[in-house]
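Below is one structure, written out as structure tokens; the observations come after it.
Counting convention: from 1, in listed order, for ligands and their atoms alike. Every value quoted in this text rests on a predicted model; they were computed, and no experiment measured them.
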Amino acid sequence: MAAPKKVCVVGSGNWGSAIAKIVGANAAKYDRFDTTVNMWVFEEMVDGRKLTEIINTDHENVKYLPGHKLPPNVVAIPDLAESVKGADILIFVVPHQFILRVCDTIKDHIKKDAVGMSLIKGVDVGPEGLKLISEVIQGKLGIAVTVLMGANIANEVAEEKFCETTIGCKDKAYGPILKELMQTTNFRVTVVEESDVVEICGALKNIVAVGAGFCDGLGFGDNTKAASCGIADLITTCYGGRNRKIGKAFAETGKTIEQLENELLGGQKLQGPATAAEVHQILKQKNMAEKFPLFTAVYQICFNGHPVTEFIKCLQDHPEHM
Ligand SMILES: NC(=O)c1ccc[n+]([C@@H]2O[C@H](COP(=O)([O-])OP(=O)(O)OC[C@H]3O[C@@H](n4cnc5c(N)ncnc54)[C@H](O)[C@@H]3O)[C@@H](O)[C@H]2O)c1
Ligand SMILES: O=P(O)(O)OC[C@H](O)CO
């Protein structure tokens, strides 16, 4: 029999912790996984104790996923390079702004035949244009990288409320083992080969969610909000997510995005405004900004002082309506 596969969850925020709960339980349940699951934790002090010590003693990430016990076989490790050693499956789940540094730190410490799975919603922008986060990881580490995205608000997943998710896997051979690792009765997994589509939808919906928050903060109706809203993950994020929450507070209070993130998210990180800036850079390069008025408006409002009260003009003046 093949040696059991060792899993490391790289990240331990709201989503990282919810996923560690699932992965820890499945690794303990199925023979083909090593029971111990490492979880890299960006070390910080919480009420005078190290977060890793709290997780390893009390089995709860009290800062990022309070109220939910993690399986005891999930072991919090503060040293990133140490945490990935020997791992066959690396689950990347850090806010997208930290992924480059994470990859640089682990590149000489991972198994060459490991497979990655990115749960990160965001994009990277470089001299050659837009890069998916999976491409960034693959480029830095030289391993195959799959993705997992869906309408998956972490707290609801941790509460074991039913939802669906999609694994994007260009090489079908990885599908069965990754599905076994992730799936539960209430977290149902579909595996598809169109990995890039899964990933870009997961990244772009965060920009739309900020716009949905603007709509709520400005007191617009449901029809208005639905004009910027599509399916599944978009619906979820536009009604219950953090990007929407901050967008709403931004429209209501006039405080900056950064200030509201600090005040309202308790250390959790927004992906939508940064993704709007990265996507805007690409659209500008390609002379396409006016073809994406919603993305452009969210960027201008978040970063260039455009009045949020003018937000809906981007849809009133949408080129498709002209
Ligand atoms: N939370 C959700 O409901 C959810 C659901 C699906 C996907 N996602 C995606 O998962 C990714 C991770 O989000 P999350 O919700 O787990 O994180 P989060 O926003 O809850 O937490 C922030 C994390 O960043 C860490 N951190 C802070 N400073 C750091 C630094 N300098 N270097 C490295 N790490 C640092 C913190 O320790 C914490 O673990 C994002 O791309 C997000 O879009 C989130
Ligand atoms: O809370 P948000 O806006 O980061 O969204 C969380 C998830 O991506 C929803 O699927």
Using side chain to side chain donor-acceptor pair (under 3.5 Å), reason through Gln271 and Gln97 one step at a time and then give a plain yes or no. CA-CA 8 Å; Gln271 308 286 281; Gln97 49 269 51; 3.2 Å; yes
Ranked by distance from atom 37 (O) of ligand 1, the top protein heavy atom is Phe42 CB, 3.4 Å
Would you check whether Ala209 reaches within less than 4.0 Å of ligand 2, judged by its heavy atoms? no
List the closest protein heavy-atom neighbour of atom 34 (N) of ligand 1: residue, atom name, distance to the nearest 0.1 Å. Phe98 CD1, 3.5 Å
Looking at Gly150, which atoms of ligand 2 are within less than 4.0 Å of one of its heavy atoms? 10 (O)
If you count the atoms of ligand 1 from 1 in the order shown, which ones are under 4.0 Å from a heavy atom of Gly267? 22 (C)
Nitrogen or oxygen of Ile153 less than 3.5 angstrom from that of ligand 1: no
salt_bridge(Glu135, Lys131) N-O dist < 4.0 Å: no
For the pair Lys172 and Glu193, find out whether any cationic side-chain nitrogen is under 4.0 Å from an anionic carboxylate oxygen. yes
Going by the order shown, which atoms of ligand 2 are within less than 4.0 Å of some heavy atom of Ala151? 10 (O)
Protein residue, atom and distance nearest to atom 3 (O) of ligand 1, heavy-atom basis: Ala154 N, 2.8 Å
For atom 10 (O) of ligand 2, what's the nearest protein heavy atom and its distance? Asp233 OD1, 2.6 Å
Which is it for His96 and Glu278 under the side chain to side chain donor-acceptor pair (under 3.5 Å) test, yes or no, and what are the steps along the way? CA-CA 11 Å; His96 79 285; Glu278 284 141 3; 3.0 Å; yes
Under 4.0 Å, counting heavy atoms only: does Trp40 come that close to any atom of ligand 1? yes
Would you call the rings of Phe311 and Phe214 parallel, tilted or perpendicular, where under 30° means parallel and over 60° means perpendicular? perpendicular
Nearest-0.5 Å distance that lies between atom OG in Ser17 and atom CD1 in Ile55: 6.0 Å
Side chain, backbone, both or neither: which part of Thr237 comes within less than 4.0 Å of ligand 2 when only heavy atoms are counted? side chain
List every atom of ligand 1 that sits less than 4.0 Å from any heavy atom of Gly16, numbering the atoms from 1 in the order shown and giving each element. 16 (O)
Tell me whether ligand 2 is touched by Lys121 - counting only heavy atoms on the residue side and a distance under 4.0 Å. yes
Ligand 1 atoms in contact with Ile120 (distance to a heavy atom under 4.0 Å): 41 (O)
Record the part of Lys205 in heavy-atom contact with ligand 2 below 4.0 Å; permitted values are side chain, backbone, both and neither. side chain
Do Asp196 and Leu132 touch side chain to side chain, with heavy atoms closer than 4.5 Å? yes
In this structure, atom 11 (C) of ligand 1 is nearest to the protein heavy atom Val94 O, 3.7 Å
Which protein heavy atom lies closest to atom 21 (O) of ligand 1, and at what distance to 0.1 Å? Gly13 CA, 3.6 Å
Return yes when Lys63 approaches ligand 1 closer than 4.0 angstrom through a heavy atom, no otherwise. no
salt_bridge(Asp216, Arg244) N-O dist < 4.0 Å: yes
For atom 20 (O) of ligand 1, which protein heavy atom lies nearest, and how many Å away is it? Asn14 N, 2.8 Å
Is there a donor in the side chain of Thr237 and an acceptor in the side chain of Lys205, or the other way round, less than 3.5 Å apart? yes
Counting each atom of ligand 2 from 1 as listed, which ones have a heavy atom of Gly241 under 4.0 Å away? 1 (O), 2 (P), 3 (O)
Option set Met39, Arg242, Gln271, Glu44, criterion heavy-atom distance to atom 13 (O) of ligand 1, minimum: Arg242
Please determine whether a side-chain nitrogen of the Lys or Arg among Asp58 and Arg49 lies less than 4.0 Å from a carboxylate oxygen of the Asp or Glu. yes
Given side chain to side chain contact (heavy atoms under 4.5 Å, CB included), test Lys6 with Asn38 step by step and report yes or no. CA-CA 9 Å; Lys6 186 147 183 55; Asn38 287 355; 3.8 Å; yes
Salt bridge check: are Lys313 and Glu310 linked by an N-O gap of less than 4.0 Å? no
When you measure from the heavy atoms of Gly122 to every atom of ligand 1, does any distance fall below 4.0 Å? no
min-distance protein heavy atom vs atom 1 (O) of ligand 2 -> Arg242 N, 2.6 Å
Does Glu44 come within less than 4.0 Å of Lys50, counting only side-chain N to carboxylate O? no
Option whose closest heavy atom lies nearest to atom 9 (C) of ligand 1, chosen from Val10, Leu119, Asn152: Leu119
Answer with yes or no whether Gly11 contacts ligand 1, where contact means a heavy atom under 4.0 Å from a ligand atom. no
Between His68 and Glu60, is there a side-chain heavy-atom distance shorter than 4.5 Å? no
Closest to atom 19 (O) of ligand 1 by heavy-atom distance, out of Lys269, Glu156, Lys121, His96, is Lys269
Can you tell me how the ring of Trp40 sits relative to the ring of Phe42, calling it parallel under 30°, perpendicular over 60° and tilted otherwise? perpendicular
Please state which protein non-hydrogen atom is closest to atom 3 (O) of ligand 2 and give its distance, to 0.1 Å? Asn243 ND2, 2.7 Å
Closest to atom 7 (C) of ligand 1 by heavy-atom distance, out of Phe92, Trp15, Tyr64, is Trp15
Tell me yes or no: between the side chains of Asn152 and Thr165, is some donor less than 3.5 Å from an acceptor? yes
